[in-house]
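Below: the structure, in structure tokens.
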Amino acid sequence: MENTLGLEIIEVVEQAAIASSKWMGKGEKNIADQVAVEAMRERMNKIHMRGRIVIGEGERDEAPMLYIGEEVGICTQPDAKNFCNPDELVEIDIAVDPCEGTNLVAYGQNGSMAVLAISEKGGLFAAPDFYMKKLAAPAAARGHVDINKSATENLKILSECLNRAVEELVVVVMDRPRHKELIQEIRTAGARVRLISDGDVSAAICCAFAGTNIHALMGIGAAPEGVISAAALRCLGGHFQGQLIYDPAVVQTGLIGESREGNLARLNEMGITDGDKVYNADELASGETVLFAGCGITPGTLMDGVRFFHGGARTQSLVISSQSKTARFVDTVHLWDEPKTIQLR
């Protein structure tokens, strides 16, 4: 899978990032997302594959492109037999977020990415459009920290695993009213808090890389993005746990569904009988082969954003593979017109 799709999926996230970045700072988050979706879909449909969106922009009636269940790739098109034998290709599941951090793009803030994760059919958890309590941490803490423990307990464990004082730890938390008590507990324990307005996929992945000065992600964010984070952290050997949140009273804002009971019923319809189950990275991204790809839209901790120059643009991407056990940073210059010189900085 990596050999046949590795370069292709990099180009998918690159095209989405370039399209979205043209709307950076213009205050139009919906347009920034829409153009990323269109660019990602167009590039996916040029790939020699049989793909199915398991995490996308919503249900079919709500999202005209990259909706959950949509088939993508040359070999899913009506005239597929002219290009390939669809029956010979492995079916793959795809989780996408063409513009992770739409507000970040709209207001010219750091940390937005175009991201996706792929695995063979059934290899990615089809998360409902609910919220998820998340805990991400470096590989050294994998299996030691636990989402069921308090933030104070986990910080002590993390301190021991990383051989750092609690005061040296930095925890990323989404800046939301629901996290008021969590933020206070982290600060009381002695650790430092980095608040973010959006984009917790980037924060989760940063936990797995030394030198980012991010040692944990805690709190509640969107469930679909949790699966994409889990895919990357599984490949990197990092720690990730997620627990679905179905009670509107816990989330306080934005949860789809009007009641706790109604959301539980929806989970049952999806075959999720235990709404309180804690999932680890291997369960959320269970496929034999898992690939993650991300491309910076605006500058971030791991990757720079899209930079335009006369006649082209430059992007930075990250592709992570469970197959080759690699994390590759890809620096690409895209040439549209014939430039006099290639911009290096």
Discussion item. To the nearest 0.5 Å, what is the distance between CD1 on I18 and NE2 on H334?
Written reply: 4.0 Å

Worksheet item: Within a radius of less than 6.0 Å around OH of Y107, do more than 12 heavy atoms belonging to other residues, nucleotides or ligands occur?
Response: no

Worksheet item: Tell me, which pairs form a side-chain hydrogen bond (donor to acceptor under 3.5 Å, both in side chains) where one or both residues lie in residues 226-244, sequence neighbours left out?
Response: H239-Q241

Practice prompt. Taking S20 for its side chain and A32 for its backbone only, find out whether a donor-acceptor pair lies under 3.5 Å.
Written response: yes

Worksheet item: Transitively linked via ILVMFWY side-chain contacts under 4.5 Å: I320 with I214?
Response: no

Response to the item:
Correct closest heavy-atom pair for G56 and V96 would be CA-CG2, 3.9 Å

Item to complete: Please answer: with hydrophobic residues joined when any side-chain heavy atoms are less than 4.5 Å apart, are L233 and V227 in the same cluster?
Response: yes

Worksheet item: So, the side chain of E120 versus the backbone of E288: is there a donor-acceptor pair under 3.5 Å, distance only?
Response: yes

Worksheet item: If you take all heavy atoms of V145 and A137, which pair is closest and at what distance?
Response: CG2-CB, 4.1 Å

Worksheet entry | Residues T212, L302; criterion side chain to side chain contact (heavy atoms under 4.5 Å, CB included); working and verdict | CA-CA 8 Å; T212 61; L302 288 175; 3.9 Å; yes

Worksheet item: Which heavy atom of L66 sits nearest a heavy atom of V37, and at what distance?
Response: CD1-O, 3.7 Å

Discussion item. The test is side-chain hydrogen bond (donor to acceptor under 3.5 Å, both in side chains); show your working for E185 and T152 and say whether it passes.
Written reply: CA-CA 7 Å; E185 182 180 354; T152 303; 2.8 Å; yes

Discussion item. Within this structure, what is the CE-CD distance for the pair M65 and E38, rounded to the nearest 0.5 Å?
Written reply: 5.0 Å

Discussion item. To check you understand the geometry: which heavy-atom pair defines the closest contact between A293 and I9, and what is its length?
Written reply: CB-CD1, 3.8 Å

Worksheet item: What closest approach, in Å, do L116 and M44 show between heavy atoms, and which atom pair accounts for it?
Response: CD2-CE, 3.9 Å

Discussion item. Checking the side chain of Q316 only, and the main-chain atoms of F329 only, is there a donor and an acceptor separated by less than 3.5 Å?
Written reply: no

Item to complete: Kindly state each residue pair satisfying salt bridge (charged side-chain N to carboxylate O under 4.0 Å, His left out) with at least one member in residues 169-180, sequence neighbours excluded.
Response: R176-D198

Worksheet item: Please walk me through it: do Q15 and E11 pass side-chain hydrogen bond (donor to acceptor under 3.5 Å, both in side chains)?
Response: CA-CA 6 Å; Q15 293 305 310; E11 293 183 355; over 6 Å; no

Practice prompt. Give a yes or no on whether K121 atom NZ has more than 12 heavy-atom contacts from other residues, nucleotides or ligands under 6.0 Å away.
Written response: no

Response to the item:
Tightest non-hydrogen contact, residues S202 and G111, listed as CB-O, 4.3 Å

Worksheet item: Do any N or O atoms from the side chain of S21 and from the backbone of M24 form a donor-acceptor pair under 3.5 angstrom?
Response: no

Worksheet, complete the sentence: dist I118:CD1 -> L5:CG (nearest 0.5 Å) comes out at 4.5 Å

